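Written out below as structure tokens is the structure these notes cover.
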Amino acid sequence: MLKNDVVQAGGKAMAKTKARAQGAGGLRRIATTPDWYEPYRISQAVMAGGLIHVSGQAGIDELGRTVSDDFLTQGRQAFTNVARVLAEAGSSLADVVKVGIFVTDMAADLEHVITLRGEFLSEPYPADTLLEVSSLARPDWRIEVEATALVR
């Protein structure tokens, strides 16, 4: 929402303010330090309605560098990044109810995805969407993980 946008609500014009975008109205931005997504105007996560919605996390370190060309190494770092963002919100991977996993080569990496699920997620396993994509934000990224978790 942009500062000073005007919308119609119940026939009355109401001004939206920057404060709403920053957290009023039940939305709260979650970020780690450093926040590697800030330059792209992306929230690492948003807390709303009893849920934490974590943006896709890749296999990058705290400085935004890809950790390896290896799929499992990238995947472990992506899940670790999800866990860091959830911890910042007071939650954990145990509270995850839904994950989305995006990979660039399903045929080569499906077994690795199953391995990662076993390493980072537990019963009852969260709902999951696994998609093959033609590319991710950087050409060397092979996996990206997003999650939705309960607020604790």
Side-chain angles (χ1 to χ4, degrees), residues 1-2 5 7 9 16 19-152:
M1 288 173 234
L2 301 175
D5 278 355
V7 297
K16 295 180 189 175
R20 177 160 170 75
Q22 293 176 343
L27 296 179
R28 186 175 131 212
R29 181 173 180 254
I30 307 298
T32 62
T33 302
D35 180 352
W36 51 85
Y37 284 6
E38 174 64 28
Y40 305 102
R41 298 183 185 207
I42 299 171
S43 295
Q44 287 182 323
V46 173
M47 186 183 297
L51 295 172
I52 303 160
H53 304 273
V54 181
S55 292
Q57 303 291 314
I60 58 174
D61 64 17
E62 292 180 355
L63 299 176
R65 298 176 298 207
T66 304
V67 294
S68 172
D69 290 333
D70 176 68
F71 183 87
L72 279 173
T73 303
Q74 283 192 24
R76 288 181 178 116
Q77 186 66 49
F79 272 99
T80 298
N81 290 344
V82 169
R84 285 186 65 223
V85 174
L86 289 171
E88 190 67 30
S91 194
S92 73
L93 289 171
D95 301 311
V96 171
V97 296
K98 174 83 166 84
V99 294
I101 302 173
F102 305 87
V103 299
T104 57
D105 189 343
M106 186 77 70
D109 296 320
L110 178 58
E111 290 301 317
H112 296 313
V113 169
I114 294 167
T115 297
L116 291 167
R117 286 178 181 148
E119 289 179 16
F120 289 92
L121 305 170
S122 58
E123 291 280 354
Y125 291 106
D128 190 333
T129 299
L130 174 60
L131 295 171
E132 180 175 317
V133 296
S134 61
S135 67
L136 294 165
R138 292 189 192 162
D140 58 337
W141 290 359
R142 298 180 59 193
I143 182 171
E144 187 169 319
V145 180
E146 65 181 17
T148 303
L150 299 172
V151 172
R152 294 288 177 199

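Source: prediction; values computed, not measured.
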(message) Holding to side-chain contact (heavy atoms from CB on, under 4.5 Å), I want the full list of residues that pass it with Ala83, two or more places apart in sequence or in another chain.
(response)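 Checked Ala83 against side-chain contact (heavy atoms from CB on, under 4.5 Å); matches are Leu93.
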For a quick test of your reading: what N or O donor-acceptor pairs under 3.5 Å do the side chains of residues 101-110 make, sequence neighbours left out?
from   : atom 1 : to     : atom 2 : distance (Å)
Asp105 : OD1    : Ala107 : N      : 3.4
Asp105 : OD1    : Ala108 : N      : 3.2
Asp109 : OD1    : Arg142 : NH2    : 3.2
Asp109 : OD2    : Arg142 : NH2    : 3.1

(request) Kindly write out the residues that satisfy ring-ring contact (aromatic ring centres under 6.0 Å, His included) with Phe71, not counting sequence neighbours, or none if the list is empty. (result)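 Checked Phe71 against ring-ring contact (aromatic ring centres under 6.0 Å, His included); matches are His112.
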(message) So, taking the atom named CG in Leu136 and the one named CD in Gln74, what distance separates them when rounded to the nearest 0.5 Å?
(response)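 Here the rounded value is 8.5 Å.
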(message) Asp70: which residues meet the salt bridge (Lys or Arg N to Asp or Glu O under 4.0 Å) condition with it, sequence neighbours left out?
(response)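 Scan of Asp70 (salt bridge (Lys or Arg N to Asp or Glu O under 4.0 Å), adjacent residues dropped) gives none.
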Test of understanding: with side-chain hydrogen bond (donor to acceptor under 3.5 Å, both in side chains), list the residues that count as partners of [X], not counting sequence neighbours.
| X | result |
| --- | --- |
| Glu132 | none |
| Thr33 | none |
| Thr32 | Gln44 |
| Glu62 | none |

Going by atom type alone, with no hydrogens or angles, which donor-acceptor pairs under 3.5 Å involve a side-chain atom of residues 118-127 and a protein atom two or more places apart or on another chain?
from   : atom 1 : to    : atom 2 : distance (Å)
Glu119 : OE1    : Arg76 : NE     : 2.8
Glu119 : OE2    : Arg76 : NH2    : 2.7

(request) If a pair satisfies ring-ring contact (aromatic ring centres under 6.0 Å, His included) and one of its residues is in residues 129-152, list it, with sequence neighbours excluded. (result)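 Found none.
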In residues 143-152, what donor-acceptor pairs under 3.5 Å come from side-chain atoms, sequence neighbours left out?
from   : atom 1 : to    : atom 2 : distance (Å)
Arg152 : NE     : Asp95 : OD1    : 2.6
Arg152 : NH2    : Asp95 : OD1    : 3.2

(message) Does anything in residues 46-61 form a side chain to side chain donor-acceptor pair (under 3.5 Å)? List the pairs, not counting sequence neighbours.
(response)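 Only Trp36-Gln57, Asp61-Arg65 qualify under side chain to side chain donor-acceptor pair (under 3.5 Å).
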